[in-house]
Amino acid sequence: MAKITLNKNNFFNNLDIIARFTKAKDKIALVLKDNAYGHGLLEMAGLAQEYGVKKAVVQHESEAQKIEQFFDYILVLAEIPTASSTKIRYAINDLTSISQFPHATLVELKVDTGMHRNGISMTELRVAFEMIQEQGLVLEALFTHHRNADVLSSEWFWQNDNFKKVKQEARELSKEFGLKQLRFHSSNSAALLRNNNFDEDMARVGIAAYGCTQLPHAIHVEGFKPVLSLYAYKISSRVLQKGACVGYGAMHEMQDEGVVSNYDFGYGDGFLRICSNNYTTPHAKKLIGRISMDNSSFLCTEDEILIFDDASQIAAVASTISYEVLTSLKPYIQREIV
Ligand SMILES: *Cc1c(COP(=O)(O)O)cnc(C)c1O
């Protein structure tokens with residue numbers, strides 16, 4: 001079966017770069033949602049622990065529970081708690097959900113500073129504090145998310161200004177409500193890497209840790225290395241004559257006689273089908289014909305081929321982002337740390 005390898009040295013290299021920006025290892029909150037961006041949740045949690053990362057961010061409670069033993073702190077971005085834990089924090093994404101959180105839950109309040117996806121409005125801070133207190137929740141942090149940190153525009157700046165205002169008001173409210181000191185965080189990978197004066201309590205870093213950032217030149221940071229490589233294995237080979245057509249829809253016609261081999265990685269496993277008949281591997285093996293569910297054909301004979309070792313390259317062919325290439329990889333593909 002197709003196989004994913006995870007390069008530990010590259011991962012640690014990326015975390016070293018990230019730690020330069022956060023100025024401390026324990027300000028790195030590694031984003032492990034979506035099976036750790038397709039890398040494998042438990043594999044990456046284990047490596048992160050080995051490196052000394054103490055914080056993680058996931059989408060769901062069930063993911064947090066699977067990795068509880070690896071971290072001191074786990075933030076669940078979008079789920080109402082069903083269990084209690086001293087390590088897991090839950091994001092509040094709007095006012096109406098507050099009444100559903102069980103008493104004494106550790107919560108972090110998401111504030112909408114301009115993305116308009118999740119979070120309370122900036123004008124709702126006071127009422128949110130009141131409702132959180134009334135519900136008996138433990139408010140530990142406020143956070144926000146940038147909608148355009150990876151784009152060179154004014155957006156990053158005014159969202160930062162908005163969050164600055166939020167922080168100021170929240171500090172005043174926390175005194176008034178007698179809360180402990182609040183923590184603040186707003187940076188994803190791009191926001192962290194374009195900030196030379198990071199001074200928040202943590203950064204929520206995903207794609208940079210996996211080594212697949214695609215930032216504009218002016219905010220590009222050198223040195224990141226992709227962690228994940230994908231290998232496929234030969235199922236069968238055949239000699240085809242000139243004029244023979246390969247696969248569904250007869251999309252590729254042989255220009256000469258040649259050997260075509262069929263490999264065990266298809267769109268059902270996460271190979272974006274739009275790459276059909278239009279992709280060449282890092283070792284110059286040409287993909288021909290349509291990608292099918294569990295198969296793809298290449299003009300080569302090797303038993304094992306490297307499909308990609310940099311998701312950004314496939315993303316370019318597929319007109320998408322490395323995030324989609326990576327999170328498309330199915331969890332059942334074998335993962336091996338190298
Ligand atoms: C996914 C996510 C991140 C991580 O973003 P990257 O661009 O991968 O660093 C950070 N914060 C939130 C709220 C997210 O949903």
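Whatever order the structure lists them in is the order used to number ligands and atoms, beginning at 1. Computed from a prediction, not measured in an experiment: that's the story for all the values here. In what follows, residues are counted from 1 in the order of the sequence shown.
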Report summary line: Near Ser189 (heavy-atom distance under 4.0 Å), the atoms of ligand 1 are 6 (P), 9 (O)
Requested in this report: Find out if a path of hydrophobic residues (ILVMFWY) with successive side-chain heavy-atom gaps under 4.5 Å connects Phe177 to Ile120.
Outcome: yes
Query - Gly206 N/O to ligand 1 N/O under 3.5 Å - result: yes
Report task. Report the nearest protein non-hydrogen atom to atom 12 (C) of ligand 1: residue, atom name, distance rounded to 0.1 Å. Result -> His145 CE1, 3.4 Å
Query raised in the report: Does any N or O atom in Lys33 lie less than 3.5 angstrom from one in ligand 1, N or O only?
Result: yes
Report summary line: Using a 4.5 Å side-chain heavy-atom cut-off and chaining through intermediate ILVMFWY residues, the residues clustered with Phe157 come out as Trp156
Query raised in the report: Can you get from Leu306 to Met1 by hopping between Ile, Leu, Val, Met, Phe, Trp and Tyr side chains that sit under 4.5 Å apart?
Result: no
Report task. For Tyr323 and ligand 1, answer yes if some heavy atom of the residue is under 4.0 Å from a ligand atom, otherwise no. Result -> yes
Query raised in the report: So, is the end of the Lys25 side chain (NZ or CZ) under 6.0 Å from the ring centre of Tyr51 and within 45° of the ring's axis?
Result: yes
Query raised in the report: Which ligand 1 atoms, with their elements, are less than 4.0 angstrom from a heavy-atom of Tyr37?
Result: 1 (C), 4 (C), 5 (O), 6 (P), 8 (O)
Report summary line: ligand 1 atoms nearer than 4.0 angstrom to some heavy atom of Ile207 are 6 (P), 7 (O), 8 (O), 9 (O)
Requested in this report: Answer side chain, backbone, both or neither: which part of Asp150 comes under 4.0 Å from ligand 1, heavy atoms only.
Outcome: neither
Report summary line: Joining Ile, Leu, Val, Met, Phe, Trp and Tyr whenever any side-chain heavy atoms lie under 4.5 Å apart, the cluster holding Val239 also takes in Val259
Query raised in the report: Of the protein's non-hydrogen atoms, which lies at the shortest distance from atom 11 (N) of ligand 1, and what is that distance?
Result: Arg204 NE, 2.8 Å
